[in-house]
Amino acid sequence: MSAPEKTENAPNAFPGKFISVEGSEGVGKTTNLQFVQNYLKSRNIAFILTREPGGTPLAEELRNLLLTHREEPVSEDCELLLMFAARAQHLQQVIRPALSEGTWVLSDRFTDATYAYQGGGRSLSSEKIANLEKLVVASTKPDLTLLLDVPVEVGIDRAKGRGALDRFEQEQLDFFERVRRTYLLRAEQEPSRFRVIDAEQPLVEVQQQIQQALDLWFEQIQR
Ligand code: TMP
């Protein structure tokens, strides 16, 4: 495979900072999001925690539609558009208002998940996703993205331990291999925004990596 083209991420135009946390199933997002929240609190940062799909009452309804098992096959384009419909609502109601008043946003997933799941997992073209991203997200992109990475088998084993699987979690191994590969490729393409965390390590070590990534990034943005 040829070296991925690197793209620069322009900082968002708002006074608040936007951080997203990404990863495939079973990477430990919930626990590590708690760690990031504690870190931001220790630095006296005013922030909100939100998630995708979801983050507003309407977007949470769309989330339920997306995650629920159904007999009717879901077209890939329908899934993609519902993800972006939820994101449009989330951006307008929650993310942009917070960032514009200087409140930071910590989001459990954002558009990288669409590239990974609908692009990688479902094999939709990245051009199609990029067009919707341009329309819906425009320049409101994360300033920092922590990508929690574990080998797919490890993640799936961890996710299975949590009980009933949703419509995405029931996908097969090769789907999650494509999801992981796409996330890692995006991280290579945007090294200034992404920090890849080896989340297979014991929790203390994972959190040391996150702490170090955040410390360095804070130094960078305070310069
Ligand atoms: P969660 O497991 O992080 O709560 O996310 C719900 C599921 O939605 C997860 O399996 C990933 C999937 N998803 C997409 O397929 N595309 C997206 O754009 C987002 C935000 C999530």
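The model shown is predicted, which means the values in this text are computed figures rather than measured ones. Counting starts at 1 for both ligands and their atoms, following the listed order. All residue numbers in this chain count up from 1 along the given sequence.
The two residues Glu205 and Gln201 come nearest to each other via the heavy atoms OE1-OE1, 3.2 Å.
Taking the six-membered ring for Trp and the full ring otherwise, Phe194 and Trp217 have centroids separated by 6.0 Å or more. For Phe110 and Phe18, the gap between ring centers is short of 6.0 Å.
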Ligand 1 N/O to protein N/O, distances under 3.5 Å:
residue  : atom   : partner : partner atom : Å
ligand 1 : 3 (O)  : Lys29   : NZ           : 2.6
ligand 1 : 3 (O)  : Arg109  : NE           : 2.5
ligand 1 : 3 (O)  : Arg109  : NH2          : 3.3
ligand 1 : 4 (O)  : Arg63   : NH2          : 2.6
ligand 1 : 5 (O)  : Arg109  : NE           : 3.2
ligand 1 : 10 (O) : Glu25   : OE2          : 3.1
ligand 1 : 15 (O) : Gln118  : OE1          : 3.4
ligand 1 : 15 (O) : Gln118  : NE2          : 2.9
ligand 1 : 16 (N) : Gln118  : OE1          : 2.8
ligand 1 : 18 (O) : Arg87   : NH2          : 3.1
ligand 1 : 18 (O) : Thr114  : N            : 3.3
ligand 1 : 18 (O) : Thr114  : OG1          : 2.6

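For residues 71-83, the pairs satisfying side chain to side chain donor-acceptor pair (under 3.5 Å) are Asp77-Lys128, Glu79-Gln118, Glu79-Arg122, Glu79-Arg167, with sequence neighbours left out.
Classified by interplanar angle (parallel below 30°, tilted 30° to 60°, perpendicular above 60°), the ring pair Phe168/Phe175 is tilted.
With 3.5 Å as the limit, one finds a donor-acceptor pair spanning the side chains of Arg87 and Thr114.
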